[in-house]
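These notes are about the structure you will find just below.
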Amino acid sequence: MAPAILIGVLSLGWGLGPFVASAAAQQAPVRVVTTLPVYASLVREIGGSDVEVSAIADPGEDAHFVRPRPSFALDLRRAEAFVTTGLDLELWVPTLLDRAGNPAVLEGGRGYITAYTGIRLLEIPATADRSQGDVHIFGNPHLTTDPLRALQVARNVATGLRRVAPDRAAVFDRGLQSFTDRIHRRLFGDRLVETLGGPTLEQMALNGTLFDFLETNELGGARLIDQLGGWLERAEPFRGRQMICYHRDWAYFEERFQVRCADYVESRPGIPPTPGHVAELIRHMQDEGIRVLLSPTYYPRNQVEAIANRGSATMVYVPFAPGIAGVGDYFELVDAWVDGLARAFSGG
Amino acid sequence: MAVLATLAFAPCVAAQTPSDSLSLEVQRLRLLLDSLALEVARLSGGATPAQAQTELERLRAAAAAAAAAGGVGAPPDTADAQEFVGRERSLQDLNPEISVTGDVFGQVITDDPRQENFFAREFEVSFVSNLDPYSRAKVFLSRHAPGGEIQPFPGAEEEEHAEVGVEEGYVEWVGLPAGLGLKLGRFHQQFGQLNRWHPHALPSQSRSLPHLTFIGEEALAQTGASVYWLLPVGGGGRGTYQATFEFTTSENETLFGESNRPSVLGHLNGFWILSSSIDLDLGLSWLNGSYEDETSFFDRNLFGAEMALTWRPPAQALYRGVTVRGGVMALDGLAAGAGADRAWGYWGSVEARLSQQWLVGGRADRVENPADPSETAWLVAPTLTWWQSEYVRLRVEYDLQGLGAANDTEGRVLLQATFAVGPHRHEQY
């Protein structure tokens, strides 16, 4: 009798084992690797505690020139999902993917997620010609300088995570819904979102009709433009103004916040400035009265500062990714950009 | 404005399929009605509290109409098409990525400035493409011209003519079970780290003296199979480890003479991230084969150990950084009469980035002559490098080379120009 009971218990244990292991595996967070820290921040917004995410690039690093290190290949080997821009920004990705040899995150794999999908790209060159500098042949890849494009990246992340872990689709949907609402409210302000709805405002902003609509319509005798809140309200000091930018990092920010990079510190994208170009740039700043110079912190501070001083401009030297300079997440990153520029344009 | 936006939206709606079009048409007319009502309300003055909700609804409808503007594209008009173009004969988009690199230099030998001094050392054409979902192909064709080489010891045979050949050509499988990778074909072998780099990518104009002496001017490249495995342990500061095993022909004449027996190579690499700015790379290599010529046959081993220590603060990586490299090589199995069983070689280099475009560096090498290990050659070479852009690099190097005692020396100044055309990606790792 005793052997029979023992065999029965063992059989039960043997039979239940996989289910117990499976249940434990279901509790484990989805392992995600991203190329850029900003994508990691978006993954956290969507997945919360159901994801474990790491970024390959350092928050302070220029994404163009990340040095692929063997440990990154090991991270990718262990990953269930991988988020990359999918354009010609992180040209170091193929080497790492090949070394990692993880079919789940290789191009076309279930966990391979591109940020650019569904995004209208700007600055697509008429011709791929390096006499124009280090051009991005598919268009500008610095997508997340626009909060609405960052929202589309988040949607792509949610799509990818649902595919990788369908059992937690509801978690990712809730994360996306919350992130979407927060982006709408932080960009347009609570009053407009409650009046017109976030999705409608988003669509108007994307198709370029938002400001016309707000300026020509009113509710209860009050102009809608006066009800604008959030980042767009805080960006009013620089809407329609011009600034100098170091590199073509800001195309999508320019479109969203209606500010323009009138000239660049680099003589061509990716080409360091020559003394002649700097002299011309300073003349341009003085002739046009451009008083603000915007640069990510991975460009040499003393160079940016020297040019700003010579052009009598205010330097706005900001992080380009969450994780440095007290910037914890994507919202604080946009805060830093908008508030930094608003202060500079207001003469603060 | 809202009315105009709504009217602009009207023709787009007709672009939908018949099943969609009726409901979209109803929606369009509703939006049009709402926006017209809104305009009337706007023109007639302020709203009473009772009208406020209605006004809000109309405002939302007008906003929805504005939001939909441009959201639906009209189909292309093909009614007047005069010619239909097939694309069956125009599949150029499937061509591989093609890049060209050039590596040319001029030299002035301090003792003999009149010597021929301009060399187009190498032009390389590369073809890289995915073959299918599982494998990739890489082919590098190069034209290598003789001239300007460093000769550690006098008497070595010199090439006389330019040669065109396949520098590398292999198919690579990634994503195999257990994290294995596999290459088949002719490839730069994983003997140390720099052997896999093509000459135009090296931190100085030539390979190290131990490499030139034991392996030859070219990289160790033979035909066969390479299996590599990224060990699933460690990570970050705990180390990342990769093991490589290669089974190839013995085409390298410097190492193997005329042998037609296979050679095997083993390589173990460890990589540690010591801090966000500092990492350490250590590698051990071993190559075994047999040397054979008309008069002799013996077993031969080449051992190598190398390290690279890199300081590269991420936030300043565009314009600051230092890399220190060093290595030792031992050739075991020398010809009869060499007077020893083993010849040793050592090398070390440093390269510091001063700005986005300027780098300064230097190297020092020492090697024993395999034909007579009591004889040594050495080289000291400071370099100054300027990157005009990512695709054009100019370098000035001074090579001071000596044999044995320091008074038997030769110096030369060398200017190297390297350029890349196309989507060339240098794979350091």
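Fair warning: this is a prediction, and the values are worked out from it, not measured in the lab. Residue numbers begin at 1 in each chain, while the letters A, B, ... track the order of the sequences.
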### Contacts of A:Glu90 that satisfy side chain to side chain donor-acceptor pair (under 3.5 Å) - sequence neighbours left out
A:Thr35, A:Thr85

### Task
Nearest 0.5 Å please: distance from the CZ atom of A:Phe65 over to the CD atom of B:Gln356.
6.5 Å

### Query
What option among A:Ile324, A:Leu201, A:Asp88, A:Leu196 has the most heavy-atom pairs under 4.5 Å with chain B?
A:Leu196

### Query
Could you give the distance from CG (A:Asp98) to NZ (B:Lys138), rounded to the nearest 0.5 Å?
6.0 Å

### Task
Not counting sequence neighbours, which residues clear side chain to side chain donor-acceptor pair (under 3.5 Å) with B:Tyr228? List them please.
B:Glu172

### Summary
Residues B:Arg136 and A:Glu107: closest non-hydrogen pair is NH2-OE1, 4.2 Å

### Query
Can you list the steps and then say if B:Thr240 with A:Phe72 is a side chain to side chain contact (heavy atoms under 4.5 Å, CB included)?
CA-CA 9 Å; B:Thr240 304; A:Phe72 299 148; over 6 Å; no

### Message
Between A:Asn217 and B:Leu59, is the side chain to side chain contact (heavy atoms under 4.5 Å, CB included) condition met? List the steps.
### Response
CA-CA 8 Å; A:Asn217 283 283; B:Leu59 184 66; 4.0 Å; yes

### Task
Would you check if B:Tyr134 and A:Leu106 make a side-chain contact, meaning some heavy-atom pair closer than 4.5 Å?
no

### Interface residue of largest heavy-atom contact number with chain A, from B:Asp281, B:Thr310, B:Asn130, under 4.5 Å
B:Thr310

### Query
Hey, are the side chains of A:His64 and B:Glu390 touching, using non-hydrogen atoms and a 4.5 Å cut-off?
no

### Query
Which atoms of B:Ser355 come close to chain A, meaning under 4.5 Å heavy atom to heavy atom: side chain ones, backbone ones, both, or neither?
neither

### Query
What are the two closest non-hydrogen atoms of B:Ala67 and A:Asn207, and how far apart are they?
O-ND2, 2.8 Å

### Message
Tell me which of these, B:Ala317, B:Gly235, B:Ser276, B:Gly179, has more heavy-atom pairs under 4.5 Å with chain A than the rest.
### Response
B:Gly179

### Task
Let me know if B:Tyr241 has heavy atoms under 4.5 Å from chain A in its side chain, its backbone, both or neither.
neither

### Query
Do you know which of B:Leu176, B:Asp279, B:Val233 has the most heavy-atom pairs under 4.5 Å to chain A?
B:Asp279

### Query
Taking all atoms of both residues into account, what is the closest heavy-atom pair of A:Glu218 and B:Glu55, and its distance?
O-OE2, 3.7 Å

### Task
Check B:Ala66 against A:Met204 and note the closest heavy-atom contact, atom names and distance.
CB-SD, 3.8 Å

### Query
If you measure from CD on A:Glu194 to CG on B:Leu56, what distance do you get to the nearest 0.5 Å?
11.0 Å

### Task
Please name the pair of heavy atoms, one in A:Ile271 and one in B:Ser389, separated by the smallest distance, quoted to 0.1 Å.
CD1-CB, 3.5 Å

### Toward chain B, the part of A:Leu210 with a non-hydrogen atom under 4.5 Å
neither

### Message
Please classify the contact between A:Arg78 and chain B as side chain, backbone, both or neither, with a heavy-atom cut-off of under 4.5 Å.
### Response
side chain

### Summary
Rounding to 0.5 Å, atoms OG1 (A:Thr297) and CD (B:Gln316) come to a distance of 10.0 Å

### Query
At a heavy-atom separation under 4.5 Å, does A:Thr200 approach chain B through its side chain, its backbone, both, or neither?
both

### Message
Restricting to non-hydrogen atoms, name the atom on A:Arg130 and the atom on B:Gly422 that form the minimum distance, rounded to 0.1 Å.
### Response
NH1-O, 2.7 Å

### Message
Using 0.5 Å steps for rounding, measure from the OH atom of B:Tyr319 to the CG atom of A:Asn302.
### Response
7.0 Å

